[in-house]
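Reminder, nothing fancy here: chain letters follow the sequence lines and each chain counts from 1. Reckoned from all heavy atoms, side chains included, excluding hydrogens, waters and symmetry mates.
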Number of protein chains: 2
Amino acid sequence: MSHPKSAITKQRILDAAARAFSLNGYAGTTINDIAMTAGMQGGSIYYYFESKDDILQEVLDVGITRVFSAARLAIGSLPASSAFSEKLEAAVTAHLTMLLQQGDYTSANIRVFEQAPPAVKRQNRKLRTAYGEYWGQLLSEGQRSGEIRKNVDLTILRLMLLGSMNWAVTWYRSDRMPIPELALKFCEVVLKGVGLSDDQLENSSRGRRARS
Amino acid sequence: MSHPKSAITKQRILDAAARAFSLNGYAGTTINDIAMTAGMQGGSIYYYFESKDDILQEVLDVGITRVFSAARLAIGSLPASSAFSEKLEAAVTAHLTMLLQQGDYTSANIRVFEQAPPAVKRQNRKLRTAYGEYWGQLLSEGQRSGEIRKNVDLTILRLMLLGSMNWAVTWYRSDRMPIPELALKFCEVVLKGVGLSDDQLENSSRGRRARS
DNA sequence: CCTACCGATCGGTAGG
DNA sequence: CCTACCGATCGGTAGG
């Protein structure tokens, strides 16, 4: 049987935990909170998990795994000859979707990782590193193909991009803008910048420079 | 007297609380943790503060006030005729400095605001809104002066910029790059983008497009 | 999975 | 500011 009853119940507990961690933080979530939402008594949780840390570990690991898979799937569905900008847009859309609408597991990562016990962080960090390297490769490709300028610091770029996406979990409201549209705007800012091109700048700022 | 002893002690408690909240989250920080660091017994905290929420409120409010003042001071120190790009760099440097090296109060904001009790959030949000509007005005100026393209969505730009800065609290290590250098890179990415300009793109991608 | 409970710790208070 | 303590709650366990 691919879905024994106990596995389903375990899922229910993890779902409840992911949501609670994401809303109230780690220490702010009690075993009883999780148990109530999952429809059982507090003590019963320990039939499925060894400890509260154990639950947190699984929530965090599942969260990274899901966003990683979503990004890989999105890029993998594109024709191999796609431009970097298309791959970027696909990855940004996937990341934002997991974070903002699919994702108690992913948003729990954003919100409680820093407060997790050291052992939990250490394990989860392996997955995070792999995901970060995946983004690093994507950007490297873009630079090799010439679509990212040669003198751009890819580490900073990656951290800025992931940072601005992750922070969206604190302000995004689904009624104001659909995620694909948001993803497109993110990509435009990063790729084209918001300033004028150098020659446009040359003209418009001459007066101001002369004055100072 | 401008610094009565009790005010100094109160400061010591707030300093200890800001650091503890930033490291361990709100629920993860106990009154005793704070008291020990501040050099007193747990119960004594209540001679200075009404409740744990009260301490949190002050830490969060001070954090926003400080980063706001730092940004205003940095921009205010520039000649009035300064270009938008210079003002932006000054503000980014100020924000990052408060967040990454001066700032348990500011980083506590990043890390525990979401888990604060509703009443605390409500009050702190007023300061946050004012600070956000200050950034909005700065960007508006830049767009009016022509240094930001007319078709850029300033709300998204502001949220991306602040988001990528705030997220730096999770990865920045002072031994790898000084803050002014980091600030400059942030500004470059945002203003110039990382891609080629349109006409450069026109040439380099022609072959790729024909293939697909 | 539940019942019943433990040892520890928490935020907060009384009285000085 | 300290001492001494409260009521409540916490993560976790034993036994079924």
* How far apart are the C-alpha atoms of B:Q57 and B:N124, what are their side-chain angles, what is the distance that settles it, and do they pass the side chain to side chain donor-acceptor pair (under 3.5 Å) test? -> CA-CA 7 Å; B:Q57 184 79 67; B:N124 186 249; over 6 Å; no
* **Full working for ring-ring contact (aromatic ring centres under 6.0 Å, His included) between A:Y131 and A:H95** => CA-CA 11 Å; A:Y131 184 51; A:H95 186 99; 5.7 Å; yes
* To do: Check the pair B:L139, B:Q143 against side-chain contact (heavy atoms from CB on, under 4.5 Å), reporting the backbone distance first and the verdict last.
  => CA-CA 6 Å; B:L139 299 176; B:Q143 198 169 47; over 6 Å; no
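Of the residues in residues 27-35 of chain B, B:T29, B:T30, B:I31 come within less than 4.0 Å of DNA chain C through at least one heavy atom, sorted by number. Listed by residue number, there are no residues of residues 18-25 of chain A with a heavy-atom contact under 4.0 Å to DNA chain C. Against DNA chain C, the stretch residues 49-63 of chain B makes heavy-atom approaches under 4.0 Å through B:S51, B:K52.
A:Y26 and A:D53 share a donor-acceptor pair across their side chains, judged by distance under 3.5 Å alone. Looking only at atom types and distance, the side chain of B:Y105 has a donor-acceptor partner in the side chain of B:D15 under 3.5 Å away. The closest side-chain donor-acceptor pair between B:N24 and A:Q115, if any, does not fall under 3.5 angstrom.
Considering all non-hydrogen atoms of both residues, A:A90 and A:A74 come closest at O-CB, 3.7 Å.
Between the side chain of B:S22 and the backbone N or O of B:A18, no donor-acceptor pair lies under 3.5 Å. Of the possible polar contacts, one joining the A:K121 side chain to the A:E114 backbone as a donor-acceptor pair under 3.5 Å is found.
Looking at heavy atoms from C-beta onward, B:M160 lies out of side-chain contact with A:M165 at the 4.5 angstrom threshold. Annotation: side chain of A:W135 is not in contact with side chain of A:L157 (no heavy-atom distance under 4.5 Å).
Note on B:Y46: a side-chain N or O is less than 4.0 Å away from OP1 or OP2 of C:dG12.
Stacking of B:R12 on the aromatic ring of B:Y48 is not recorded, the 6.0 Å distance cut-off and the 45° axial limit not both being met. Both the sub-6.0 Å distance and the 45° axial angle are satisfied by A:R72 relative to the ring of A:F68.
With the 3.5 Å cutoff on both pairing distances, Watson-Crick and G-U pairs in DNA chain C assemble into runs of at least 3 at C:1-16 with D:1-16.
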* Structure fact -> For nucleotides 1-8 of chain C, 5' to 3', base contacts (B), sugar-phosphate-only contacts (S) and non-contacts (-) with protein non-hydrogen atoms under 4.0 Å give BBB-----
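Screening residues 27-42 of chain A for salt bridge (Lys or Arg N to Asp or Glu O under 4.0 Å), with sequence neighbours left out, gives no hits.
Atom CZ of B:R19 has 12 or fewer neighbouring heavy atoms from other residues, nucleotides or ligands inside a 6.0 Å radius.
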